[in-house]
Amino acid sequence: DVNHLPKAGMPMAGWSDPNEPIDLNAQSGNLLINMKAMTTLQKIGRGFREIHRLEPQLIPLTLTSGVTKAALPFVNLYFSSRIIDILSTTREMKTLSLFVALALAINLFLFITSRTLENRYYMSRGLLYNKERGEVIRKLYTLDYEKLESPAFQTLLHKHQEAMDKAGSSLYRLSWMLSHWVSGATTLAFALVLLFPLLKISFKGGETFVESPWFAVALFAAIGVAVGIILIISRKISKEWFRLSEQYMGLDRLYDYYTEMIADYKTGKEIRTYQEQLIIEKDATQQLLYEGIAIQKKIAANSAKSSSLIAIIGAVIGFGIYLFIGLKGLIGLFSIGSLVCYTGSFMQVVQGVTAIANTTGQIPQIIPTLDYYFDILHTESGKQDGTLLPQMDTPVSIEFRNVSFKYPESETYALKNFSIKLENGEKLAVVGRNGSGKTTFIKLLCRLYDPQEGEILLNGVNIREYDDAAYRQLFSVVFQDFSMFSFPLAQNVSVADTYEEARVWACLEEAGIPDDARGMEQQLDTYLYKDVEETGVEISGGEAQKLALARALYKNAPFIVLDEPTAALDPIAEYEIYSKFNRLVGDKTAIYISHRLSSCRFCKHIAVFQQGELVQLGTHEELIRDPSSAYYELWNAQAQYYC
Ligand code: ADP
């Protein structure tokens, strides 16, 4: 039941040690959530409140369907015992037919009701699963980039994903648990009602041990001990399962990676040209087959051990109950019909308590998955989001003032004591070796991260004072590692459902890709890539880069940033972009990052980065004058190899 959503070939596994909650605070500032301080009961209570918030119908449906389902066996027990009694005594046809008719009618009613409720319960539980995913997805959309990218959050996300894949999420599991509790508790309640006359007889006393209350006390003590043992076994197995699952988790990730990689046609060319099959097969065989199977065997042995133990305990208790009722029946304390009813009811008690004990024992598995879910939902953006709204049509000047920045969990500065000012309409070229901090400068400018030291000012005001989303509207950016999406072409460019067709074409024209787009069968409605749409087109790296440029132009923001925008273009396409660069950028403020130094000359100033620092700033003529400078070295290195 709970493993409704297994992943092919990989049963179970997937959760980390429940004793080691992830402390996002330790690694990334102010976010957390103190889940550790909450007790297990509080966590479960919080889980149920969340279920109620997301899918209000589920808990009532669990309760009602659990009760009706549990009632059915007792109706049959009750009526069959009465019918047996009539048959073995008076054989009065009128009462007999009444009981048979009543039994059939109630059976039919309960059957239809419980089926209907059960169907609605399953539907509601499915909805809960989707809504739980929806909550996480919504969080991921809105979380700031820095937090999203942080290794601590990524680990948390991975663990949550594993849990979702293996057991269908935390709330889903909790609702599964509730349904078992409800049926168990209802079974107990009905059984107690039917067993009441027996209990009365059992505690009344008599001459023999069979009649004495001690016989009943001994039986109940034995049931109590058995339940305790089942609970302990279930908890122990549950913890062991976790430990093994933790070991399996790494292998599971490897399995996912291999299956995706082998199926992905994009990696197919490397696999074939470098014959990577051999190494993949060796690794996969070694790790997945040998190590993985060893762990899987342990997991299987573990669960086999627990279920056989629980079955043996159930059988022993069953034997005790038969003995208890049988001996009492033998000395004529009750009728044959009652004997049937008591035996059946007692067996239901065993089933009910076993289910409750077994389910409760699984709490240690469920708590960590709940923790992952709430940790994700409660991860707060580490950023201060201001309220100022920048005016799109007023001039923009940007200033970095003594800005220093380290990536989360990095020891070294990606940008160090960096200061620069760009006036409205100014064009700045940025050059420097790989890893010198150019892209980091852009990411800070777009406020994907906040610097640890110094400040960034927009028109003299710290950018933290502005509303984040509104601030980002100021920038059209082509990132070096840009992404295009598996959407229709026009949506990729306009980033909207409704778009101005003529303007999309104009931007494609400016970016140098109109012919390719016109050649596509469905033109602007053509899907990119084949992930979503079978008829999607595969575009080359250069075409994608032109589309990324068209997207930046369509946004028409007052500040344009181009990070290596021609890296994937052929020389002719590159030349075309350069030759119309001034027209493309117009009077916007612009930052242009390029390794092709000669292409930087149409920017007034060139900033030279070296190991996270701004080492030179000036015009090409000024910078080239110093033969010991970084710019001179870069320029000459390039001049030797490029015409
Ligand atoms: P450039 O654009 O000049 O090639 P970057 O700004 O991308 O350089 O990188 C500057 C430094 O920051 C490099 O040492 C790089 O390894 C590091 N870096 C870049 N991105 C990240 C990241 N997301 N996490 C950690 N370090 C990063």
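In listed order, ligands and their atoms are each counted from 1.
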Looking only at protein heavy atoms, identify the closest one to atom 2 (O) of ligand 1 and say how far it is in Å. Thr439 OG1, 2.7 Å
Report yes if some heavy atom in the side chain of Ile398 is under 4.5 Å from a heavy atom in the side chain of Thr589; otherwise report no. no
For Arg433, counting its heavy atoms only, list the atoms of ligand 1 lying under 4.0 Å from any of them. 3 (O)
Please step through ring pair (Phe, Tyr, Trp, His ring centres under 6.0 Å) for the pair Phe405 and Phe418, ending with a clear verdict. CA-CA 9 Å; Phe405 174 74; Phe418 174 79; over 10 Å; no
Please tell me if atom 15 (C) of ligand 1 is touched by the protein, where touching means a protein heavy-atom distance below 4.0 Å. no
Does Lys438 come within less than 4.0 Å of Asp563, counting only side-chain N to carboxylate O? no
For Leu388, is there any backbone N or O sitting under 3.5 Å from a side-chain donor or acceptor partner on Asp467? no
Which of these, Val561, Ile593, Leu448, sits in a side-chain contact (heavy atoms from CB on, under 4.5 Å) with Phe479? Leu448
Proximity flag Ser410 to ligand 1, non-hydrogen atoms under 4.0 Å: no
List every atom of ligand 1 that sits less than 4.0 Å from any heavy atom of Glu149, numbering the atoms from 1 in the order shown and giving each element. 23 (N)
So if I count the atoms of ligand 1 from 1 in the order they appear, which ones are less than 4.0 Å from some heavy atom of Asn434? 4 (O)
So is Gly432 touching ligand 1 or not, going by heavy atoms under 4.0 Å? no
Are any of the side-chain nitrogens in Glu135 or Arg138 under 4.0 Å away from the carboxylate oxygens of its partner? yes
Contact atoms of ligand 1, heavy-atom distance to Thr440 under 4.0 Å: 5 (P), 6 (O), 9 (O), 10 (C)
Can you check whether Gly437 has an N/O within less than 3.5 Å of an N/O in ligand 1? yes
If the cut-off is 4.0 Å to any non-hydrogen atom of Ser436, which atoms of ligand 1 fall inside it? 1 (P), 3 (O), 8 (O)
What residue and atom, counting heavy atoms only, is the protein's closest point to atom 18 (N) of ligand 1, and at what distance? Tyr407 CE1, 3.3 Å
Residue and atom name of the nearest protein heavy atom (relative to atom 4 (O) of ligand 1), distance in Å to one decimal: Gly435 N, 2.8 Å
Take atom CD of Glu455 as the centre, draw a 6.0 Å sphere, and report whether it contains more than 12 heavy atoms from other residues, nucleotides or ligands. yes
Could you check whether Arg46 makes a cation-pi contact with Phe374, meaning its NZ or CZ is under 6.0 Å from the centre of the six-membered ring and within 45° of the ring axis? yes
